[in-house]
*Asks:* 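Could you have a look at this structure, given as structure tokens, before my questions?
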There are 2 protein chains.
Amino acid sequence: MNSYTEENYLKAIYKLVEQDGEAVSTNAIAEKMNTKAASVTDMLKKLSDKKFINYQKYQGVTLTAKGEKTALIIIRKHRLWEMFLVEKLNFKWDEVHDVAEQLEHINSDKLIEQIDKFLNFPKTDPHGDPIPDANGKLLTPKSKPLSAFNVSDNCLMMGVVDHSPSFLQYLDKMNITLGNEIKIKDIVEFDKSLQIIVNKKQTFFISNDVAKNILVKTK
Amino acid sequence: MNSYTEENYLKAIYKLVEQDGEAVSTNAIAEKMNTKAASVTDMLKKLSDKKFINYQKYQGVTLTAKGEKTALIIIRKHRLWEMFLVEKLNFKWDEVHDVAEQLEHINSDKLIEQIDKFLNFPKTDPHGDPIPDANGKLLTPKSKPLSAFNVSDNCLMMGVVDHSPSFLQYLDKMNITLGNEIKIKDIVEFDKSLQIIVNKKQTFFISNDVAKNILVKTK
DNA sequence: AAATAAATTTAGATTAGTCTAAAAATAATT
DNA sequence: AATTATTTTTAGACTAATCTAAATTTATTT
């Protein structure tokens, strides 16, 4: 089996590759893992020996098929546990991350498949992120940032980019949650802030920075 | 916080003290932890420094109040997770141990209290073992081995001594489960085997060894 | 294209937990 | 009580993951 630490490196590398779309640097991994570049280099050698990553000295890394599958299965567990915490144990969407970071490393196929079944096979986690299947296959839902839409577009809230508790709490306060309808009433020329109508009821302004972090699709 | 390994040592020491009722030896711990005596000595020093155990070289160990509370909170988590697996995720009582060994180390007060609530505050785990409360207090249910009773005594199945999958599967096959009524019809003079009537329906023989491992109380 | 800056890797230590082999302490036996 | 056996501890070494500091490679600037 792989160690807790190896799993966390694979997950970090997966997310960086997903984000940047290219080979990721030692420093980028070090920052994400809150560790030093020298430690990362040591681990990269190990992950490379185990065929989880493609690694050439000084050239950055990408995941092999084996590494990507392993990363996606950890992400599957993380997201299923988040869903469980919110749906069954009264956690808020801004409280689940740290616990799921621990639970994702529990090793039991039966456990995770039963959790999946218990939740009735959810497609996304509480933040709208897609849940990979048991083989590590991911169906990415088609969504774009709200900031990419225009005046009078009518959208459906699909997820978030920033997952920080403070951002999620802000969305709660504004009543912006998964599945809500968001219609763009106006876009301010000066700062690109948006006036939006949520669920045909509340009308208010959000900054363009906020809009960039809200994922929606056209309704 | 305490490491995964420290927690496992504390749990092992708790169980050995509970079983033997006196200071436990380095070798006994080594055997229970599947490790070597030299490794145990190292860990005992560390646990002693942290005030979890009373330890004098060559004299064996007992738990301090702090150590016992810590052990009981780990046992609380283990037993609540076992109950969750059986009650909510279709695990059998002989399948839960290994997964619960992992889950017991998850660190989140909210998580474990919500699991407790979700299960409607169970008093015992799937094997009839009592679940300590959130402060590490344990109410031991009064039960004795079936082998301590006499002909025509009518008992209620309360738990098991041996927790091995093979023993639990045997009990399943014989339809002996928690809460069943067990009446002693006869005790064979020769080998002390027992003829029992389960739930007023099935009558059959069990060995004295088996009877020693079934915990009951008088109905 | 040479010099400088930035990123990355190597070298050598450190910590937690483990091990083997040897030494020391306790227990059992004659 | 002396000897032998058993248990426990110490000494020194190993692995995984980390670190700092120095060396090396790659990238950027002049």
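Treat the numbers as computed from the prediction; the structure is a model and nothing was measured.
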*Asks:* Round to the nearest Å and state the distance from Tyr55(A) atom OH to dT25(D) atom P.
*Replies:* 13 Å

*Asks:* When we call it a touch if two heavy atoms are under 4.0 Å apart, what does Thr5(B) touch: a base, just sugar-phosphate, or nothing?
*Replies:*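 It contacts sugar-phosphate atoms only.
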
*Asks:* How would you list all residue pairs meeting side-chain hydrogen bond (donor to acceptor under 3.5 Å, both in side chains) that involve residues 137-149 of chain B, not counting sequence neighbours?
*Replies:*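 The answer is none; no pair qualifies.
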
*Asks:* Picking from dT18(D), dT8(C), dT26(C), which would you name as closest to the side chain of Gln59(B)?
*Replies:*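 Between dT18(D), dT8(C), dT26(C), the one nearest the side chain of Gln59(B) would be dT26(C).
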
*Asks:* What residues in residues 8-39 of chain B put a non-hydrogen atom under 4.0 Å from any atom of DNA chain C?
*Replies:* Tyr9(B), Thr35(B), Lys36(B), Ala38(B), Ser39(B)

*Asks:* Once the angle between the rings of His97(A) and His78(A) is folded into 0 to 90°, is it parallel (under 30°), tilted (30 to 60°) or perpendicular (over 60°)?
*Replies:* tilted

*Asks:* Tell me, please, which residues at least two apart from Lys123(A) pass side chain to side chain contact (heavy atoms under 4.5 Å, CB included).
*Replies:*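 Side chain to side chain contact (heavy atoms under 4.5 Å, CB included) list for Lys123(A), sorted by chain: empty.
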
*Asks:* Return the value, rounded to whole Å, for the distance between atom CG of Asn2(A) and atom C1' of dT15(D).
*Replies:*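 For the pair Asn2(A) CG and dT15(D) C1', the rounded distance is 17 Å.
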
*Asks:* What is the distance from CG of Leu47(A) to P of dT18(D), rounded to the nearest Å?
*Replies:*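 Rounded to the whole Å, the gap is 11 Å.
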
*Asks:* Rounded to whole angstroms, how far apart are CE on Met43(B) and C1' on dT8(D)?
*Replies:*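 Rounding to the nearest Å, CE of Met43(B) and C1' of dT8(D) are 17 Å apart.
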
*Asks:* Tyr58(A) OH to dT10(C) C1': how many Å, rounded?
*Replies:* 8 Å

*Asks:* With salt bridge (Lys or Arg N to Asp or Glu O under 4.0 Å) as the rule and sequence neighbours excluded, what pairs involving residues 83-104 of chain B come up?
*Replies:* Lys110(A)-Glu95(B), Lys11(B)-Glu101(B), Lys11(B)-Glu104(B)

*Asks:* Would you mind checking if Arg76(A) and Asp116(A) are paired as a salt bridge, meaning a charged N to carboxylate O distance below 4.0 Å?
*Replies:* yes

*Asks:* Are Phe84(A) and Phe84(B) near enough that their ring centres are under 6.0 Å apart?
*Replies:* yes

*Asks:* Return one dot-bracket line describing DNA chain C 5' to 3' (Watson-Crick or G-U wobble pairs, both distances under 3.5 Å; ( ) same strand, [ ] crossing, | another strand, . none).
*Replies:* ||||||||||||||||||||||||||||||

*Asks:* Hey, could you give me each pair passing salt bridge (Lys or Arg N to Asp or Glu O under 4.0 Å) that has a residue in residues 26-39 of chain B? Not counting sequence neighbours.
*Replies:*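 Residue pairs passing salt bridge (Lys or Arg N to Asp or Glu O under 4.0 Å), neighbours aside: none found.
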
*Asks:* Is any side-chain N of the basic residue among Glu82(A) and Lys77(A) closer than 4.0 Å to the acidic one's carboxylate O?
*Replies:* no

*Asks:* Just to confirm, is there a sub-4.0 Å distance from OP1 or OP2 of dT10(C) to any side-chain nitrogen or oxygen of Lys57(A)?
*Replies:* yes

*Asks:* Roughly, in whole Å, what's the span from NZ in Lys45(B) to P in dT9(D)?
*Replies:* 8 Å

*Asks:* Stepwise, does the side-chain hydrogen bond (donor to acceptor under 3.5 Å, both in side chains) test hold for Asn54(A) with Thr62(A)?
*Replies:* CA-CA 5 Å; Asn54(A) 305 115; Thr62(A) 55; 3.1 Å; yes

*Asks:* Taking atom C1' of dA16(D) as reference, at what distance in whole Å does atom CG of Asp49(A) sit?
*Replies:*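 Atom-to-atom, Asp49(A) to dA16(D), this comes out as 14 Å.
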
*Asks:* Rounded to whole angstroms, how far apart are CG on Asp42(A) and C1' on dT15(D)?
*Replies:*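 Rounded to the whole Å, the gap is 13 Å.
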
